[in-house]
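Heads up: the structure comes next, in structure tokens.
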Amino acid sequence: MDLLELRERIDVIDKQIVELYEQRMDISRQVAEYKIATGKKVLDSQREAEKLAKVRALTHNEFNGCGVEELFEQIISMSRKLQYQLLTEKGSQGKLPFIGVDELETDRARVVFQGAEGAYSQAAMIQYFGNMVNSFHVDSFRDAMIAIEEGSADFAVLPIENSTAGIVNEIYDLLQEYENYIVGEQIIKIEHCLLGVPGGSTEEVRTVYSHPQSLMQSAKYLEKHDWRQISMQNNAFAARKVAEDGDRSQAAIAGEHAAESYGLQVLQRQVNHSGTNSTRFIIVTNQKIFRKDAKKVSICFEVPHESGSLYHMLSHFIYNHLNMTKIESRPIEGRNWEYRFFIDFEGNLADSAVKNALRGLREEARNMKVLGNY
């Protein structure tokens, strides 16, 4: 046979496969209608495992066995997704415990940020809430989470990601641990300055204080000077120490906002080597609310420690035409080599496609949690 004839035979078989696929999906729709009427769950793991073993046994060699198993995994996955879609269309998708609001109530809100006066978190808070915001600060990210969980603050402003240093691991872990939710975000440009005592100069500096990431981001500038570098919990703490000590041999790397807060002099601007350094801050509250015009959803979930499990979870975004913009993983405490995945994707909790994807994820993933819509 020549190649053209072989391709024509493949085309005939492919046409038959498509016809059979559509027949199968029509039956899957009938199965969904039955499950809606009887209240049965879509996912039946035992039935699917038995089905995969049965179709694999019908093949005649190991290569075809693996291929048919993979093929039917996809067919079964498509069947489930069709059933989830029909459940959503019939109004059986289950209600998410989130309430849509036109605006966040920020006029009389009390806001907490981590660090001290002059921190970048404070600058992000002012950009989001305005100069007249009623605020206070705490020493740790956990303290901020506790403040909104207990109600001593309405909102918290927390850094979650830096364009050069990456994610803030602790924030991801705290989002999963506490029943607090993201309702907004604020991105600010990071411009580190060398701050000193008024009247001082760079020639007098012998010791520099700052957060480890800020020291790293300013490494090219610092390596030009033989200065002792000391890490601090927060840039604002570093600025406050320099101001309190009043020692011209000391300097801090922090934002210009910190210089204004502590009466320090800017000895050198833009000491960080990246001109595009930015930090994304999230606005968190203890209420399950979202703005009706929100466009980004954040979730987290765990997956079974099995081959292909993450792929199957991500297929819910593909099937529902949702654009996933970010994925991160964090180790699960007490379970070696198992991970929790954090995902951002475009959408609104009121959208049917989002409801459909979340329905599938909730059925198939472990401990799926909506972290917020903003």
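Scope of the values below: all heavy atoms of this structure, side chains included, with no hydrogens, waters or symmetry mates. Computed from a predicted structure; not experimentally measured.
At a threshold of 4.5 Å between non-hydrogen side-chain atoms, the residues Val168 and Thr279 do not count as touching.
With respect to Lys241 and Asp245, a salt bridge is recorded, a charged nitrogen being found less than 4.0 Å from a carboxylate O. We find that Arg9 and Glu5 are not joined by a salt bridge, their nearest charged nitrogen and carboxylate oxygen being 4.0 Å or further apart. With salt bridges taken as basic N to acidic carboxylate O contacts below 4.0 Å, none links Glu346 and Lys296. In this structure, Arg56 pairs ionically with Glu62, as a charged nitrogen and a carboxylate oxygen lie closer than 4.0 Å. The pair Lys15-Glu19 counts as a salt bridge, with a side-chain nitrogen and a carboxylate oxygen less than 4.0 angstrom apart.
For the residue pair Tyr172 / Arg340, no side-chain donor-acceptor distance below 3.5 Å is found, with atom types taken as modelled. Neither side chain, Asp344 nor Thr325, offers a donor N or O lying under 3.5 Å from an acceptor on the other. Under 3.5 Å, the side chains of Glu179 and Tyr181 contain a donor-acceptor pair of N or O atoms. Remark: the Asn162 side chain and the Gln217 side chain contain an N/O donor-acceptor pair separated by less than 3.5 Å. Neither side chain, Ser218 nor Asn272, offers a donor N or O lying under 3.5 Å from an acceptor on the other. There is a side-chain donor-acceptor pair under 3.5 Å between Asn320 and Asn356. Counted by atom type alone, Glu364 and Tyr84 present one or more donor-acceptor pairs between their side chains at under 3.5 Å. The closest side-chain donor-acceptor pair between His192 and Gln270, if any, does not fall under 3.5 angstrom.
The side chain to side chain contact (heavy atoms under 4.5 Å, CB included) check on Ala123 picks up Ile188, His257, with sequence neighbours excluded. Scored by the salt bridge (charged side-chain N to carboxylate O under 4.0 Å, His left out) test, Lys220 finds no partners at all (sequence neighbours excluded). Here Glu204 pairs with Arg248 under the salt bridge (charged side-chain N to carboxylate O under 4.0 Å, His left out) rule; sequence neighbours left out. The salt bridge (charged side-chain N to carboxylate O under 4.0 Å, His left out) test applied to Glu328 returns Lys326, not counting sequence neighbours. For Phe317, the ring-ring contact (aromatic ring centres under 6.0 Å, His included) partners two or more places apart in sequence, or in a different chain, are Phe345. Partners of Asp293 according to the salt bridge (charged side-chain N to carboxylate O under 4.0 Å, His left out) rule, which considers only residues two or more places apart in sequence or in another chain, are Arg291. Take Lys81 and apply the side chain to side chain contact (heavy atoms under 4.5 Å, CB included) test, not counting sequence neighbours, and it matches Ser77, Met78, Ser315, His316, Tyr319.
Between His225 and Trp227, the ring planes lie parallel to each other; the angle is under 30°, not in the 30° to 60° tilted range.
Applying the side chain to side chain donor-acceptor pair (under 3.5 Å) rule to pairs touching residues 144-155 yields nothing, sequence neighbours excluded.
Annotation for Cys193 and Glu256: closest pair SG-N, 4.2 Å, computed over non-hydrogen atoms. Across all their heavy atoms, Ser214 and Ile253 have their closest contact at CB-CG2, 4.3 Å.
Side-chain atoms of Asn235 come within 3.5 Å of backbone atoms of His211 as a donor-acceptor pair (strictly under, hydrogens ignored). Side-chain atoms of Asn373 come within 3.5 Å of backbone atoms of Gly347 as a donor-acceptor pair (strictly under, hydrogens ignored). Under a 3.5 Å cut-off, the side chain of Ser309 and the backbone N or O of His305 do not form any donor-acceptor pair. Judged by distance alone, the side chain of Glu161 and the main-chain N or O of Arg280 form no donor-acceptor pair under 3.5 Å. At distances below 3.5 Å, at least one donor-acceptor pair connects side-chain atoms of Asn348 with backbone N or O atoms of Ala294.
Here Leu58 sits alone; no ILVMFWY side chain lies under 4.5 Å from its own, so it joins no hydrophobic cluster. As a member of the Ile/Leu/Val/Met/Phe/Trp/Tyr network built from side-chain separations under 4.5 Å, Val12 groups with nothing else and remains a singleton. Membership of the apolar cluster around Ile230 extends to Leu195, Val197, Tyr209, Met232, Phe237, Val242, Tyr262, Leu264, Val266, as traced through chained side-chain contacts below 4.5 Å between ILVMFWY residues.
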Between side-chain atoms of residues 107-117 and protein atoms elsewhere (two or more places apart, or another chain), which donor-acceptor pairs fall under 3.5 Å?
{"from": "Arg110", "atom 1": "NH1", "to": "Asn134", "atom 2": "OD1", "distance (Å)": "3.1"}
{"from": "Gln114", "atom 1": "OE1", "to": "Asn234", "atom 2": "ND2", "distance (Å)": "3.4"}
{"from": "Gln114", "atom 1": "NE2", "to": "Asp139", "atom 2": "O", "distance (Å)": "3.0"}
{"from": "Glu117", "atom 1": "OE1", "to": "Gln122", "atom 2": "NE2", "distance (Å)": "2.6"}

